[in-house]
Amino acid sequence: MVKEKMKEKINNFPGYLKSWGTTFIGGLTILCLIILTVIPFLSNDLKYVYVFLPQFTLAMIFAIFAASWDLLTGISGQISFGHAIFFGVAGYICAYFIDYQGFPTWVAIVLGSLGAVFFGLLIGIPCLRLKGPYLALGTLAFSLILLKLFLQGSLAHIFFGSEGISGLPSLSDDPIIEYFIIFIFTIISFIVIIQISKSKLGTIFKSIRDDETGADASGINTTKYKVIAFMISAFFAGLAGTFYALYNTAVNPTGNFGTLNSFFAILMASLGGLTTITGAALGAFFFIFLEYILIEIGVIEIGNLIIDVSLWKFAIFALILIIVVRFAERGILRPILEHLKDLWDVLMGR
Amino acid sequence: MEAEIINFLFNGTVNGAIFSLIALGYSLVYGVGHIMNLAHGAFFMLTGYMLLWFPSFLPEIPWLIATIVVIFVTIIGGLAYIILIKPLQDTSVGVVLITFGLAFFIQEYVFVLSGTTPYSVKEFKIIDGVTKIPSFSFINQFIFLIFASLIIVSVFALFISKSKLGKSIRAVSQDREAASLMGINTNRVLLYTLMISAFLASIAAVLYLPAAALNGPSMGWGYLTNSFAVVILGGMGSLVGSVVGAYIVGYVTSFTSIFIPNGPSWAHLVPIIIIVIMLLIRPQGIFGKKELR
């Protein structure tokens, strides 16, 4: 039965794609994908290729990361404030295997992501006794303590100290090829995460989020599925973490483990709106480019007042997070899409 | 060896005194309003940095500046409740997200103004110098801190059990709906609770930080983690549990950093180990009665 369904789907694939492409969401997605495919070839300018284009690469890495957080918090309802753990651990494992064991990059990426999954299991088991805000604080405590352990004290030298590991090879010397590698992985990750959230597994996750007692009473082993949610989310966070390590060609405690990374995931996913996986991508692009713009603006002078805007960037981000959570609980992606859709319907004369 | 034991006891008591002040407010807010305030550590850190900033535009009278700073932070705590937490208090995710955002905002604001260099605010010491008992020397400010903390905790316990506001706080924490039916303005009680909590955190900072140092804007998180370990150990919302838990965590941290090889590094792990062990064997904490929710 399932096989036949699959066959049917595969046979009808072009038609299925065509009908999806004509829907509003599908059309918009395809438009975005086309724009992202064309962007690397728009200019040959050195600054464009080596400075501007990597911002897109970075945004896509953070899009995977934020989407993985959204899968855990938005879909499964397990609030994690320590997503930087998976991000950092995977980056460190990847860097260690490349620099000290001479493993090929791709093997190291797989090992890094699997290491993050293992950490997801390790942290998931004690933390899942916690619910709601407790879980948030528990995971936050985990990430803070790992950061401290890596950063300072006499054990830090085992973990390569505050300098971390540097001199990693990047994914490719050509920024355009690097861009496309990350682009393909981003698309695959998003398809997988969205399919998971729509599948039976995703329905189970949502049922745990909405009513855990009810889910338990319906015969769902909630603990098992919560650990699974943790592991899947950790895998994608780990994937993003390894890419981030290779993007920077170095890992260090504050850059990879910092609370800032957990903050970024939360920020990006909340801006787009929780439970909309694609909102994470919107948030990632918005914040990476806002950061880029603020750094580009640099110092501004208003009369006697000299303000270095780039110093204020994270304060501005935090303010945006506060405003979004306070005034737009659903995030900004869905309302914008709804308005656009109304406009679209009017234009199409429906 | 003898020196180490005395050192361990003294440091443990100091840690316990400081943790009990911070964790008490944190636990109170959770117990009364089920509000998980992630900005609690940031209030502590902000107080320290205000002590650094305020002397530049206020008359140089340490106790006056310290009082103004404490009042400031208390007001910020109240404003945080009115503006940010109150509209969102029905959704636990919203409260956690917004207090996290607030903590980050305070941290980055401090970072912009003061950077990450460590500072000292030692002119705010209430008692200077050290006491030498034959061969050991104790920092006077810390001795004062221990007694001050004990007095504040006792006054607080009296306040909660005897005063009218304390009684309404207890009523709201037991059953919010019933309390509001009895004519208690629950929102106002929660506002006062948050202000008391910010007040305790900032008193702790005023007493402790002049003898220690300001270790950069991110130091608040460490105190937040510790108070979380304390309340998990003592039982969420239990005030006795918070004080007992604070001293246990204090002594364990001090023991680890003095007697175990690579101690200071392992001491960072103490809170998380306590959290994990407690969750595995007794998730409701030592003094907790209700099941962990």
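Computed over heavy atoms, backbone and side chain alike; hydrogens, waters and symmetry mates excluded. A, B, ... follow the sequence lines: proteins, then strands. Residue 1 opens every chain.
Side chain of Arg326(A) to backbone of Gly94(B): no donor-acceptor contact under 3.5 angstrom is found.
Of all non-hydrogen atoms in Leu97(B) and Ser270(A), the two that sit nearest each other are CD1-OG, 4.3 Å. The shortest non-hydrogen separation linking Ala318(A) to Gly101(B) is CB-O, 3.7 Å. Closest heavy-atom contact between Ile275(B) and Ala141(A): CD1-CB, 4.2 Å. Shortest non-hydrogen contact noted between Leu144(A) and Thr225(B) is CD1-OG1, 3.2 Å.
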Step-by-step side-chain contact (heavy atoms from CB on, under 4.5 Å) determination, Phe104(B) to Leu321(A): CA-CA 10 Å; Phe104(B) 233 95; Leu321(A) 176 67; over 6 Å; no
Residues Phe111(B), Leu311(A); criterion side-chain contact (heavy atoms from CB on, under 4.5 Å); working and verdict: CA-CA 8 Å; Phe111(B) 169 74; Leu311(A) 269 180; 3.8 Å; yes
Derivation and outcome, side-chain contact (heavy atoms from CB on, under 4.5 Å), residues Tyr109(B) and Trp312(A): CA-CA 8 Å; Tyr109(B) 183 75; Trp312(A) 283 91; 3.8 Å; yes
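Surrounding NZ of Lys86(B) are at most 12 heavy atoms belonging to other residues, nucleotides or ligands under 6.0 Å away. Atom CZ of Phe118(A) sits in a sparse spot, with 12 or fewer heavy atoms from other residues, nucleotides or ligands closer than 6.0 Å. The environment of CZ in Phe8(B) is crowded: more than 12 heavy-atom neighbours from other residues, nucleotides or ligands sit within 6.0 Å. In the displayed structure, Phe287(A) atom CZ is contacted under 6.0 Å by more than 12 heavy atoms of other residues, nucleotides or ligands.
Only the side chain of Leu88(B) comes within contact range of chain A, with heavy atoms under 4.5 Å apart. Heavy-atom distances place no part of Ile106(B) under 4.5 Å from chain A, backbone and side chain included. For chain B, the nearby part of Leu140(A) is the side chain; its heavy atoms alone come within less than 4.5 Å. For Ile266(A), the part lying near chain B is the side chain, with the backbone staying farther off; criterion is any non-hydrogen pair under 4.5 Å.
Note: Phe81(A) and Phe100(B) meet the aromatic proximity criterion, with ring centroids under 6.0 Å apart.
Exactly one of Leu38(B), Ile232(B), Val96(B) qualifies for a side chain to side chain contact (heavy atoms under 4.5 Å, CB included) with Leu137(A). That residue is Leu38(B).
The CD1 atom of Ile322(A) sits 10.0 Å away from atom CD1 of Ile83(B), with the distance rounded to the nearest 0.5 Å.
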